[in-house]
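Treat the numbers as computed from the prediction; the structure is a model and nothing was measured.
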Amino acid sequence: AKVLQYSDTALATMVRDVPVFATILAVSQIYENQAIEQITLGKNEVIGHFQRPSALNGRDNVYGLYIQGGSMSPRFEHGESAFVERDKPARIGDEVVIYMRRPEADDEGTSSVMIKRLVRLTADYIELQQFTPAVTFKVERSRVLRIDRVIPWAELLA
C-alpha cells in the first residue's frame, strides 16, 4: 500500500476533512462472460475523514475511499486508500470509479461501483480494464450513472 510521507510542518497545516465513504466488496458481475469485481459504496455513510493534501484545498468535489478486493492489483492493493474527484472528465488511461445504475431504485443510500482503468469512451459504451485477472471489457453507457476520476498520487504531491 502506498503511504504518503509529509513533513511535520505540512501535517500541522492539513485539515482532516475529506469524507471517506464506506465500501464493501460486492458480488462480482458478469460482463462478456468474465467475472468483474465490484464494490458497494455507501454514499451516505461517512466512516471517517482523510487529511486534505494542499493540492485539494478549496475543493468540495473530492472524497476518499478504501479499495476493496484485488482486481486492480498491483495498481491498487486491498485496503489501500484513494482520493476521488467528481465533476472532472476522465481521460483514457485514468483509474476511475464507475457508478452503475441499479434496478433497486428504492435504495438511494448505496451504489454499485467498479474501480477500473478507462480504456475507451464511446457514445454507446465505455471500455474498462482490470488487472487481476487481466480483463478488458465493455459496459453499455445506459448502465453507467456517473464516472469519477481517481486522483493520481503524483498529482496530489505536486
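- Q130 contributes a side-chain N or O that, together with a main-chain N or O of P133, makes up a donor-acceptor pair within less than 3.5 Å.
- Atom CG of L56 is separated from atom CD1 of I151 by 5.0 Å, given to the nearest 0.5 angstrom.
- More than 12 heavy atoms of other residues, nucleotides or ligands lie within 6.0 Å of CD in E155, so this atom counts as buried by the packing criterion.
- The main-chain N or O of Y66 is found under 3.5 Å from a side-chain atom of T23 such that the two form a donor-acceptor pair.
- Atom CZ of R75 is separated from atom CE of M72 by 7.5 Å, given to the nearest 0.5 angstrom.
- Atom CZ in F50 sits 11.0 Å away from atom CG in L156 (nearest 0.5 Å).
- We find the NZ-CD distance between K138 and E127 to be 5.5 Å, quoted to the nearest 0.5 Å.
- A90 and L121 make their closest contact through O-CD1, 4.4 Å (heavy atoms, listed as atom of the first residue, atom of the second, distance).
- Between the side chain of E37 and the backbone N or O of G70, at least one donor-acceptor pair lies under 3.5 Å.
- At least one donor-acceptor pair closer than 3.5 Å links the side chain of R52 to the backbone N or O of R59.
- The backbone N or O of R86 lies less than 3.5 Å from a partner atom in the side chain of N61, making a donor-acceptor pair.
- Hydrophobic clustering (ILVMFWY, side-chain heavy atoms < 4.5 Å, transitive): V139 and V119 are in distinct clusters.
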Working for side-chain contact (heavy atoms from CB on, under 4.5 Å), residues I24 and Q68: CA-CA 6 Å; I24 58 169; Q68 300 293 319; 5.8 Å; no
Please walk me through it: do Y99 and I147 pass side-chain contact (heavy atoms from CB on, under 4.5 Å)? CA-CA 6 Å; Y99 285 74; I147 302 173; over 6 Å; no
Could you walk me through whether V97 and V150 satisfy the side-chain contact (heavy atoms from CB on, under 4.5 Å) test, starting with their C-alpha distance in whole Å, then the side-chain angles of each, then the deciding distance to 0.1 Å, before giving a yes or no? CA-CA 7 Å; V97 177; V150 176; 4.0 Å; yes
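- Taking the charged nitrogens against the carboxylate oxygens, R149 and D94 do have a contact shorter than 4.0 Å, which makes a salt bridge.
- Taking the side chain as every heavy atom from C-beta outward, T40 and L25 never approach each other to under 4.5 Å.
- For the residue pair V18 and G64, the shortest heavy atom distance occurs at CG1-N, 3.9 Å.
- The side-chain tip of R141 does not point at the ring of Y125 from less than 6.0 angstrom away and within 45° of straight on.
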If you apply the rule side-chain contact (heavy atoms from CB on, under 4.5 Å), what do you find for I115 with L65, and how did you get there? CA-CA 11 Å; I115 301 169; L65 52 82; 3.8 Å; yes
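- Taking CG of D87 as the start and CG of D148 as the end, the distance is 7.5 Å to the nearest 0.5 Å.
- With rounding to the nearest 0.5 Å, the separation of CG in L118 from CD1 in I126 is 6.5 Å.
- No donor-acceptor pair under 3.5 Å is formed between the side chain of S71 and the backbone N or O of T132.
- In terms of heavy atoms, P74 sits closest to F131 at CD-CB, 4.4 Å.
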Salt bridge (charged side-chain N to carboxylate O under 4.0 Å, His left out), that's the test. Do K116 and E95 meet it? Break it down for me. CA-CA 6 Å; K116 306 297 177 202; E95 271 75 40; over 6 Å; no
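- In this structure, F83 and W153 have perpendicular ring planes: the angle between them is above 60°, well past the 30° mark.
- Residues L128 and M114 are in side-chain contact: their nearest non-hydrogen atoms beyond the backbone lie under 4.5 Å apart.
- Without hydrogens or angle criteria, R101 side chain to S142 main chain gives a donor-acceptor distance under 3.5 Å.
- Not one N or O on the side chain of S111 forms a donor-acceptor pair closer than 3.5 Å with the backbone of V113.
- A heavy-atom distance below 4.5 Å is not found between the side chains of Y63 and V20.
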